[in-house]
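What follows is a set of notes on a single structure, which appears directly below.
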Amino acid sequence: MFEPFIAPSGTLLGLLQRGRGDGTLHALTAPRAEALAALNTCVLSDPRHDWQVENRSLYYARLYLDLHGELDEIEQHLFDAEDVLDTEESRTGLALAVLGHLASYGRRDALDLLRRYAATGTNWAWALDELALRDDDEGLRALAEPVLARFTTDPEGEAELAATVRDAFEPRPWRLWADDPREAVATRVRAAQETGCFDRWQRQMRPSGPRPGWSVSAVFEWARQGIERGAVLHVPAARCLTAVAGPEDRPEIIEAARSGDDAARCTALRYLADGNDPDTLDLVEGAVADGTTMVVEAAVDAFERMRSVAAVDRARGWVHRPDALGAAAGRVLACRGGAQDSDLVLGALREAVRGEGPDAPTLWTLVDGTGRLGIACAAPVLRHIYRETASSHLRGRAARALAATDPSFPAGFAVECLWDCEETTREIAARHAETGDTRVVDQLRRLAADPAEEAEVQTAVRSRIGPDMPAM
């Protein structure tokens, strides 16, 4: 999947792509055609950097409802000829999820589109999962034959069907079809269920990987074989060392961390860091100085996992380094430093924004640390990150940090956060937004009454709604 194009944050499209609450508020005051065009662009060309983690579907579905938006462009996108050529879930997943929410809100046209796509579309399994949560038994039974027709009746097709049934995210349709009055449907689905259960049992009975009694060198060899297959196994290998290594093996592990091959070095560094071995910090510094990219990344990750006083003290000395270890030191201080480290954390935050921009991965930890330490003078940087980042998760972390550092947050960003795409951000807003604004009161009540809203958000809303809340 190509990196999505994100419009400037000051435009309607840019706001909607980011999932910001201001996107909804601006769309509701913009010309309807312009708002719908921007909304369709977002839904048909997923703007998320990580589509498997970030939320947008409920946010966009609510805006379709508020704008009384038609679904013609979604229909054209789903049933376009490209659906056969581009089989990646990311092409249609967001549109299907939006339709699922719209179906929950009673949009019959959305339900019909999901049914049609489940019967004929390439990403049919996603559509079926949406329907499993929202459709009635009759609607799901009607899909049994077109879905089963996707699998041939030869051994290869039946094996593929069994794997699909076994790995189904939502099992309700398959359970319903297993009891279908049509014998051909029920028999085939029950056979697939039984095969899937047997396959799972076989995997459990024949586990791969280290066994009790393995030596330290055998664990290193297993990790090396993983690298040759393209699988990075030093993390599970380090856990295996915990089970097989004794005090007499420490010299071998120390030597592997100092000069072993990549697999052994990564495994040993992780193992030593998890055990807070006194030589770990020197070994990490050496690995960053002369290791490969893989070793450097493993060494930095191992250092960040350390929670000892010595690790924090070393971080204070490393934080000014212009390399990966310096960046990691800033994150360690953000997570485990004290008030005396506020200036160092703030400096790391500013340097990361200047050097890597508002979407730098290191900002996640630094933003959290800024809020944890209550660094009030960081508010301007946090507001910049909030406005500019394309990551809705990072924006939510910035909102949480602003709630702890910025006195203007309740009357400012907290208001728009009530319409944010991330439920955790809406929860923060529900706890902090000033209720003197009529929009805040109305939105709090809407969230409290919306069955699609997350329980944590509604709990936060109800903690604010009381007899003293202004009348609508």
Side-chain angles (χ1 to χ4, degrees), residues 1-30 34-67 69 90 93-95 97-98 101 352-353 356-364 366-368 371 379-403 406 409 412-430 432-433 439 443 447 454 457:
M1 180 179 177
F2 293 105
E3 194 73 9
F5 164 77
I6 304 297
S9 61
T11 64
L12 175 58
L13 177 59
L15 290 170
L16 291 179
Q17 287 177 318
R18 289 168 172 79
R20 279 183 55 181
D22 255 6
T24 294
L25 297 175
H26 279 66
L28 295 178
T29 59
E34 178 186 343
L36 282 174
L39 176 58
N40 283 323
T41 297
C42 294
V43 174
L44 306 186
S45 182
D46 195 334
R48 294 172 291 183
H49 282 271
D50 189 344
W51 65 273
Q52 294 178 310
V53 175
E54 295 184 40
N55 296 315
R56 292 292 189 280
S57 55
L58 180 59
Y59 172 83
Y60 293 142
R62 283 172 168 167
L63 190 51
Y64 271 112
L65 291 176
D66 291 339
L67 295 173
S90 56
L94 179 57
V98 169
H101 285 299
V353 173
E356 302 179 63
D359 292 312
T362 192
L363 289 176
W364 292 49
L366 293 174
V367 165
D368 285 349
V381 184
L382 294 172
R383 287 194 289 264
H384 172 76
I385 295 169
Y386 178 97
R387 292 189 189 96
E388 299 300 328
T389 181
S391 167
S392 54
H393 277 195
L394 178 55
R395 183 176 63 252
R397 289 171 181 256
R400 185 180 296 108
L402 284 167
D406 186 1
F409 179 73
F413 284 140
V415 174
E416 75 155 281
C417 285
L418 286 170
W419 284 266
D420 198 88
C421 66
E422 296 290 344
E423 65 268 14
T424 52
T425 307
R426 296 195 297 274
E427 181 183 354
I428 294 167
H432 291 92
R439 296 176 303 168
Q443 181 66 359
L447 294 176
E454 295 292 331
V457 178

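Fair warning: this is a prediction, and the values are worked out from it, not measured in the lab.
In terms of heavy-atom proximity, Val98 sits nearest to Ala61 at O-CB, 3.9 Å. The two residues Pro361 and Glu356 have their closest heavy-atom pair at CD-OE1, 4.5 Å. Nearest approach of Leu16 to Tyr60, heavy atoms of both residues: O-OH, 2.8 Å. Listed here is the closest heavy atom pair of Ala35 and Leu12: CA-CD2, 4.0 Å. Across all non-hydrogen atoms, the minimal contact from Ala38 to Leu13 is O-CD1, 3.8 Å. Minimum interatomic distance between Arg426 and Cys421 (heavy atoms only, all atoms of both residues): NH1-O, 3.2 Å.
Contact check for Thr389 versus Ser9: no side-chain heavy atoms found under the 4.5 Å cut-off. His432 is not listed as a side-chain neighbour of Phe413, based on a closest heavy-atom distance of 4.5 Å or more. In this structure, the side chains of Leu25 and Arg439 come closer than 4.5 Å at one or more pairs of heavy atoms. In this structure, Arg397 and Leu363 have side chains that are not in contact, with every pair of non-hydrogen atoms separated by 4.5 Å or more. Using a 4.5 Å heavy-atom cutoff, the side chains of Glu422 and Tyr59 are not in contact. Contact of the Leu94 side chain with the Leu44 side chain is not registered, since no non-hydrogen atoms from C-beta on lie closer than 4.5 Å.
Of the inter-residue distances, the one linking Ile6 atom CD1 with His49 atom NE2 reads 5.0 Å to the nearest 0.5 angstrom. With rounding to the nearest 0.5 Å, the separation of CG in Leu39 from CG in Leu63 is 5.0 Å. Atom CD of Glu54 and atom CZ of Arg395 lie 8.0 Å apart (nearest 0.5 Å). For the atom pair CZ of Arg383 and CZ of Phe409, the computed distance is 11.5 Å after rounding to the nearest 0.5 Å. Distance check: Glu423 CD to Glu454 CD gives 4.5 Å after rounding to the nearest 0.5 Å. The distance from atom CG of Leu447 to atom CD of Glu427, rounded to the nearest 0.5 Å, is 11.5 Å.
Using modelled atom types, no side-chain atom of Gln17 and backbone atom of Pro47 make a donor-acceptor pair closer than 3.5 Å. Using modelled atom types, one side-chain atom of Thr29 and one backbone atom of His26 make a donor-acceptor pair closer than 3.5 Å. Between the side chain of Thr11 and the backbone N or O of Ala7 there is no donor-acceptor pair closer than 3.5 Å.
Between the side chains of His101 and Ser57, at least one donor-acceptor pair of N or O atoms lies under 3.5 Å.
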Under the criterion side-chain contact (heavy atoms from CB on, under 4.5 Å), I'd like the reasoning laid out for Val415 against Gln443: C-alpha separation, chi angles, the key distance, then a yes or no. CA-CA 9 Å; Val415 174; Gln443 181 66 359; over 6 Å; no
Run the numbers on Arg56 and Asp46 for salt bridge (charged side-chain N to carboxylate O under 4.0 Å, His left out), then give the verdict. CA-CA 9 Å; Arg56 292 292 189 280; Asp46 195 334; over 6 Å; no
Give the C-alpha distance, both sets of side-chain angles, the deciding distance and a yes or no for side-chain contact (heavy atoms from CB on, under 4.5 Å) between Val353 and Val381. CA-CA 8 Å; Val353 173; Val381 184; 4.0 Å; yes
Check the pair Asn40 / Tyr64 against side-chain contact (heavy atoms from CB on, under 4.5 Å), numbers first and verdict last. CA-CA 9 Å; Asn40 283 323; Tyr64 271 112; 2.5 Å; yes
Step by step, work out the side-chain contact (heavy atoms from CB on, under 4.5 Å) result for Asp420 and Thr24. CA-CA 8 Å; Asp420 198 88; Thr24 294; over 6 Å; no
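Each of Arg20, Glu416, Arg18 was scored for a side chain to side chain donor-acceptor pair (under 3.5 Å) with Tyr386, with one residue passing: Glu416.
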